[in-house]
Number of protein chains: 2
Amino acid sequence: MAKYQKIPEATIRRLSSYLKCLAELEGKDEKVVSSTQIAEICNVNAAQVRKDFAYFGEFGIRGMGYNVKQLKFNIKEILGINRIWHIAVVGIGNLGSALLVYKDFLKQNYQIVAAFDKDPVTVIGRISERMGKPVEILHVDRLKEVVKARNIEIGIITVPPQEAQKVANLLIDANIKGILNLSPVPVKTPPSVKLRNIFFTSALDSLVYYLSN
Amino acid sequence: MAKYQKIPEATIRRLSSYLKCLAELEGKDEKVVSSTQIAEICNVNAAQVRKDFAYFGEFGIRGMGYNVKQLKFNIKEILGINRIWHIAVVGIGNLGSALLVYKDFLKQNYQIVAAFDKDPVTVIGRISERMGKPVEILHVDRLKEVVKARNIEIGIITVPPQEAQKVANLLIDANIKGILNLSPVPVKTPPSVKLRNIFFTSALDSLVYYLSN
DNA sequence: TATTGTGAATTAATTCACAGCC
DNA sequence: GGCTGTGAATTAATTCACAATA
């Protein structure tokens with residue numbers, strides 16, 4: 001898909017945000033959009049928008065702009081989300097169970113096909129009252145087996161900090177392809193397992209820095 | 001606090017991650033740490049760690065390293081989190097109610113002192129069964145008044161996409177200082193109101209890009 | 001001796017500015 | 001005429017490499 005060059009990680013993140021913008025425009029039945037409009041909505045420079053696309057090809061029409069539907073399709077193809085990815089959530093505490101019912105998250109390209117906890121019985125009791133059995137909660141011992149059986153490619157870690165690396169190791173051992181770590185501590189993976197550590201509080205910390213300075 | 005220069009946003013995010021690392025080391029009773037160790041744990045270059053600190057002062061001892069406790073204190077001071085910040089959560093759906101009980105989040109420097117929804121009665125019924133009245137849920141009409149009364153400086157937006165900008169506008173009108181937007185669409189604020197849009201799925205999208213390529 | 005702190009060198013990302021094209 | 005696509009210019013971030021020093 002990519003032409004030849006190394007693509008900046010920032011470009012990839014922006015592509016994902018352009019996609020949201022395009023989904024909105026599509027909802028408003030807009031057919032065509034210019035780089036200037038996208039830039040305006042996403043708070044970036046218009047040349048940047050064009051350059052981000054240029055890494056992957058020519059998607060626009062000079063003098064006209066971009067076809068919304070087509071551009072959306074192209075970006076999904078670039079990102080690899082023109083299909084459904086199977087996800088497992090490990091750790092069904094507050095955050096984990098929020099994910100299980102987070103519909104916006106499910107709707108597009110991701111499907112949570114398994115949920116694990118080290119104490120499924122307690123957890124099921126706690127969460128079943130507020131959702132109609134969204135997905136069965138399994139004991140974490142079954143992780144490797146189920147990852148294989150259900151073609152799970154991505155694991156989301158939502159366990160307490162002291163368990164995070166252990167769970168990461170289990171996922172790695174289960175031949176997971178990628179890990180999204182939402183626990184409050186960083187985990188390590190070998191180069192073969194792609195990783196994103198998302199620290200919720202980091203965003204707050206950086207916000208607060210700019211509030212204080 | 002900062003010497004003179006403009007500080008890269010990336011530096012601020014890393015400071016927040018060094019802080020996590022230091023908290024862990026402190027928990028293990030480590031007294032001293034080197035830039036190389038921090039770099040190793042946080043997956044960055046050691047010179048980068050030193051340079052990040054250098055923007056703000058000299059915190060280490062040549063030949064020795066950094067005093068864990070002291071460095072932790074210094075970073076908290078730099079980030080402005082050497083005190084408690086009052087937060088409001090707007091939109092008590094799944095994600096919002098997860099925040100209300102997300103203890104790791106509360107523990108350090110942030111305190112959720114108000115929660116708003118446009119239908120508090122329904123919401124209270126839904127969530128009260130799984131938590132012991134963590135914080136009263138108020139009607140969003142009372143936002144401005146309560147923000148003022150409780151010295152709330154930060155608002156977290158966890159409403160559905162079509163409501164996000166409206167809520168942002170309410171917060172802006174209530175003279176909030178900063179907004180953390182966890183809804184799936186970007187919102188806009190005037191320059192006087194600092195903003196972070198956190199798109200959960202963007203992290204997944206970028207992870208998937210690197211899995212596909 | 002070991003490790004910080006930092007100027008210089010390097011690499012990367014962004015923006016400009018305009019040629020190319022519909 | 002208006003907007004894309006892109007080489008060149010600029011700006012920013014990272015890393016190197018070593019002098020300073022506890």
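Fair warning: this is a prediction, and the values are worked out from it, not measured in the lab. The figures here come from the full heavy-atom set of this structure, side chains too, leaving out hydrogens, waters and symmetry mates. Order of the sequence lines fixes the chain letters, A, B, ..., with proteins taken first and strands second; residue numbering starts at 1 for each chain.
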Trainee: Can you measure Q48(A) atom CD to dG5(D) atom P for me and round it to whole angstrom units?
Mentor: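 Computing the Q48(A):CD to dG5(D):P distance gives 15 Å.
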
Trainee: Any idea which of dA17(C), dA17(D), dT21(D) is nearest the R62(B) side chain?
Mentor: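 Of dA17(C), dA17(D), dT21(D), dT21(D) is nearest to the side chain of R62(B).
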
Trainee: Please report the distance, rounded to the nearest Å, between CD1 in I38(B) and P in dG5(C).
Mentor: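 Spelled out: CD1 on I38(B) to P on dG5(C) is 11 Å.
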
Trainee: Check the distance between dT4(C)'s C1' and N74(B)'s CG and give it to me in whole angstrom.
Mentor: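 About 15 Å, once rounded to whole Å.
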
Trainee: Does any non-hydrogen side-chain atom of T201(A) lie less than 4.5 Å from one of K20(B)?
Mentor: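 A side-chain contact exists here, since the closest heavy-atom pair is under 4.5 Å.
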
Trainee: Considering all heavy atoms of both residues, which atom of K188(B) and which atom of Q165(B) are nearest to each other, and what is their separation?
Mentor: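 Closest pair (atom of K188(B), atom of Q165(B), distance): N-OE1, 2.9 Å.
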
Trainee: Given dT4(D), dA22(D), dG5(C), identify the nucleotide with an atom nearest to the side chain of S35(A).
Mentor: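 So the side chain of S35(A) is nearest to dT4(D).
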
Trainee: Of the nucleotides dA13(C), dT15(D), dT6(C), which one has an atom closest to the side chain of A54(B)?
Mentor: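 Of the options given, the side chain of A54(B) lies nearest dT6(C).
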
Trainee: Between V33(B) and G63(A), name the one whose nearest nucleotide on DNA chain C is closer to the 5' end.
Mentor: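 Result of the comparison: V33(B).
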
Trainee: Starting at CZ of F53(A) and ending at P of dG5(D), how long is that distance when rounded to a whole Å?
Mentor: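 After rounding, the reported distance stands at 9 Å.
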
Trainee: Which is more 5' along DNA chain D, the nucleotide nearest A10(B) or the one nearest T36(A)? Just name the residue.
Mentor: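 Checking each residue's closest nucleotide, the 5'-ward one belongs to T36(A).
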
Trainee: Between the base of dT6(C) and the side chain of K51(B), is there a donor-acceptor distance below 3.5 Å?
Mentor: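 Flag unset: no donor-acceptor pair detected.
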
Trainee: Taking the side chain of P8(B) as its heavy atoms from C-beta onward, which of dT3(C), dT6(D), dA13(D) lies nearest to it?
Mentor: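 Nearest to the side-chain atoms of P8(B), counting from C-beta on, is dA13(D).
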
Trainee: To the nearest angstrom, how far is D52(B) atom CG from dT4(C) atom P?
Mentor: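 D52(B) atom CG is separated from dT4(C) atom P by 13 Å.
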
Trainee: Write down the distance between CZ (R50(B)) and P (dA20(D)), rounded to a whole number of angstrom.
Mentor: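 Atom-to-atom, R50(B) to dA20(D), this comes out as 16 Å.
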
Trainee: dC22(C) C1' sits how many Å from E58(A) CD, rounded?
Mentor: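 To the nearest whole Å, that distance equals 13 Å.
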
Trainee: Could you tell me whether the phosphate oxygens of dG5(D), OP1 or OP2, come under 4.0 Å of any side-chain nitrogen or oxygen in Y66(A)?
Mentor: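 Indeed, a polar side-chain atom of Y66(A) lies that close.
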
Trainee: Decide yes or no for F56(B) and L15(B): does some side-chain heavy atom of the first lie under 4.5 Å from some side-chain heavy atom of the second?
Mentor: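 In short, these two side chains touch, coming nearer than 4.5 Å.
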
Trainee: With respect to the side chain of N45(A), which nucleotide from dT14(C), dC16(C), dG5(C) is positioned closest?
Mentor: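 In terms of side-chain proximity for N45(A), the closest of dT14(C), dC16(C), dG5(C) is dC16(C).
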
Trainee: Nearest-Å distance, CZ (F56(A)) to C1' (dG5(D))?
Mentor: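 Going from F56(A) (CZ) to dG5(D) (C1'), I get 15 Å.
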
Trainee: Nearest to the side chain of A47(B), which nucleotide is it out of dC16(C), dT15(D), dC22(C)?
Mentor: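 Ranking dC16(C), dT15(D), dC22(C) by closest atom to the A47(B) side chain puts dT15(D) first.
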
Trainee: Quick one, R83(B) with E153(B), criterion salt bridge (charged side-chain N to carboxylate O under 4.0 Å, His left out). Give me CA distance, side-chain angles, the key distance, then yes/no.
Mentor: CA-CA 13 Å; R83(B) 62 155 170 114; E153(B) 296 165 298; 3.1 Å; yes

Trainee: Does the distance from a Lys or Arg side-chain N to an Asp or Glu carboxylate O, for E9(B) and R196(B), drop under 4.0 Å?
Mentor: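 A salt bridge links E9(B) with R196(B).
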
